[in-house]
Amino acid sequence: MYTEKVMELFMNPRNAGRMEDPDGVGEVGNSRCGDIMKIYIKVKDERIEDISFETFGCASAIASSSMVTEMVKGLTLDEALAISNKDVVNALGGLPPQKIHCSLLAEEGIQAAIEDYRSKQKARAEATA
Amino acid sequence: MTERYVYMDHSATTAVDRSVLEAMLPFFSEHYGNPNSLHLWGRTARKAVNQAREKVASLIGADASEVIFTGGGSEADNLAIKGAASTRKDKGKHVITTAVEHHAVIDTFKWLEKEGFEVTILPVDEKGMVRIPDLESALRQDTILVSIMYANNEVGTIQPVAEVAKMCSDRGVLFHVDGVQAAGHIPFNVRDLGIDMLTMSAHKMYGPKGVGGLYIRKGVKIDPLVHGGGQERGLRSGTENTAGIIGFGASAELAVKRLADGSIREEIRLRDLLIDSVTSSIEDAYLTGHRTERLPFHASFLIGSLEGESMLLRLDAAGIGASSGSACTSGSLEPSYVLLAMGISHELAHGSLRFSLGKDTSEEDIVYVAENLKKIVSDLRALSPLWKNRG
């Protein structure tokens, strides 16, 4: 049912775990549906310098989290926002149809983390203005 | 490669026992006759089918004439429920079942509802058990059928079948029991229980897949689903699955032996060892279902802050076969309706795990499963944003 890539990332996820003092945090999904993805980012000069995730969910949710964090690490925020769930699915070599929503969570998780970072920046700028 | 392979999904299916396979083999190419033929070939097959019927009947304390062979447990459930509803529809249109039945029962009741029957679905308590007062108040003048499982496939809970039977027979209501998980694993006698119909499945008790049985108490009339040549007392037409039926007979014989020789006591000991290991060594892990009124081979859990499929796949990688009622294993977004009916939250229900032991499960297997599960839970919780007790 899962590709080798999905299984490999599920068994050995990259960038896994909580981050201390992140610049932005995005949490998407809900526990009622069985998927929560939490993305932590550190940003330097508008680039994602470091990233990690915590995921409650099935193998495809964990693999999608791992994949998306690898894909956006080192990218500018705008480049990261351009990564779509289809890009994640392709990089995983495909996901079963009923698991596509996991890749959407990955896309939305990155967006939410960047949004959080930007709104914090804005608040900081306004506070010092 | 893993250290061991441990199959712990006997509620899903069991291996065909060697003795069962050997009993079956001659009936493919050697004794291949149609049991309905008059010649030697036919008579040989008929004799073996009759013997198999005796064996299945004696497992449950029935008379051989009261056992019908079907193409499996789901078919037997369908035959019992639709057949009884059809026969009795002029007496009333009200039928009763529970919220924790197998799909083969619950979906058949939903179909009856579309056909104009009125369906009452009884709730269960937090252990998955039906409350007798709920049944009592649900029974009406026009109730024609009650169907309640002997023991639940997901949480192992055994229902108060004898009490239900008494209440139904006092009111002249037919009582069907889905005994797929229980038959061959719990000693019982259909006469002592006082039930009208009982579903069995061969492959849950070391027999082959594709063959089941329905006990129908003498005097109880139901309509057939499959019309044709009139086999199985006209209740299930079609040439008999001879080898499968003989396999079922052999598996019933094996079950009778196991029920008498202390095997079940040992199974319960190993089950309890697993339950105690998991609930004592893993934080936020709970048993689902009843602690003592449960299938001897069945241990089911909820593991907090985790999702079932991820645990199953990690267990699989460690050579352990288990199952889960999580949404991700069912292909929908809803977790198990059985767990939800027991009042368990969606969040916790996603973390369900079921281990069902078999006759060859050893204490080493149990220790291996408990140790691996503990490590897997800790590894996956390190990834879970829901897990609060970190570091």
Side-chain angles (χ1 to χ4, degrees), chain A residues 1-20 22 25-40 52-69 95-106 109 112-113, chain B residues 1-2 284 302-337 339-340 343-353 372 375-391:
Chain A
M1 141 178 196
Y2 288 129
T3 64
E4 261 176 53
K5 188 74 199 167
V6 171
M7 283 309 289
E8 189 214 317
L9 292 180
F10 165 63
M11 292 303 291
N12 302 292
R14 326 283 199 261
N15 308 315
R18 190 164 46 160
M19 183 188 283
E20 299 302 327
V25 181
E27 185 171 321
V28 291
N30 70 71
S31 61
R32 192 183 155 89
C33 296
D35 289 299
I36 298 180
M37 208 176 278
K38 200 166 180 181
I39 304 274
Y40 302 86
S52 75
F53 76 89
E54 287 179 304
T55 293
F56 162 77
C58 55
S60 58
I62 290 170
S64 297
S65 315
S66 173
M67 180 52 85
V68 82
T69 57
L95 279 177
Q98 74 273 23
K99 303 286 187 177
I100 295 294
H101 72 275
C102 296
S103 66
L104 260 174
L105 282 184
Chain B
M1 282 297 105
T2 75
D284 207 13
L302 293 173
I303 312 289
S305 304
L306 291 182
E307 191 280 328
E309 190 214 65
S310 60
M311 287 186 277
L312 283 192
L313 288 172
R314 290 277 178 112
L315 285 164
D316 186 38
I320 299 164
S323 70
S324 165
S326 83
C328 279
T329 56
S330 69
S332 75
L333 284 179
E334 281 294 299
S336 149
Y337 60 88
L339 298 175
L340 298 181
I344 290 160
S345 72
H346 276 70
E347 182 178 315
L348 255 180
H350 285 297
S352 76
L353 272 187
N372 275 277
K375 179 172 188 315
I376 287 165
V377 166
S378 133
D379 289 351
L380 286 173
R381 276 182 176 163
L383 299 181
S384 173
L386 298 178
W387 183 240
K388 303 285 186 267
N389 303 359
R390 285 167 301 191

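Numbers restart at 1 for each chain; the letters A, B, ... are given by sequence-line order, proteins then strands. All heavy atoms count here, side chains included; hydrogens, waters and symmetry mates do not.
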> So what's closer than 4.5 Å to chain B heavy atoms on A:P96: side chain, backbone, both or neither?
Replying inline: neither
> Is it the backbone or the side chain of A:I62 that comes under 4.5 Å from a heavy atom of chain B, or both, or neither?
Replying inline: side chain
>> Apply side chain to side chain donor-acceptor pair (under 3.5 Å) to residues A:Y40 and A:E20 and explain how you reach the verdict.
In response: CA-CA 9 Å; A:Y40 302 86; A:E20 299 302 327; over 6 Å; no
>> As a quick check of understanding, evaluate side chain to side chain contact (heavy atoms under 4.5 Å, CB included) for A:Y2 and B:L313, giving each step before the final call.
In response: CA-CA 11 Å; A:Y2 288 129; B:L313 288 172; 3.6 Å; yes
> Of the backbone (N, CA, C, O) and the side chain (C-beta and beyond), which part of B:S345 lies under 4.5 Å from a heavy atom of chain A, both, or neither?
Replying inline: neither
>> Please classify the contact of B:L306 with chain A as side chain, backbone, both or neither, using a heavy-atom distance under 4.5 Å.
In response: backbone
>> Could you go through B:H350 and B:E309, starting from their C-alpha distance and side-chain angles, then the distance that decides it, and tell me whether this counts as side chain to side chain donor-acceptor pair (under 3.5 Å)?
In response: CA-CA 9 Å; B:H350 285 297; B:E309 190 214 65; over 6 Å; no
> Should A:M67 and A:R14 count as side-chain neighbours, where that means a heavy-atom distance under 4.5 Å?
Replying inline: no
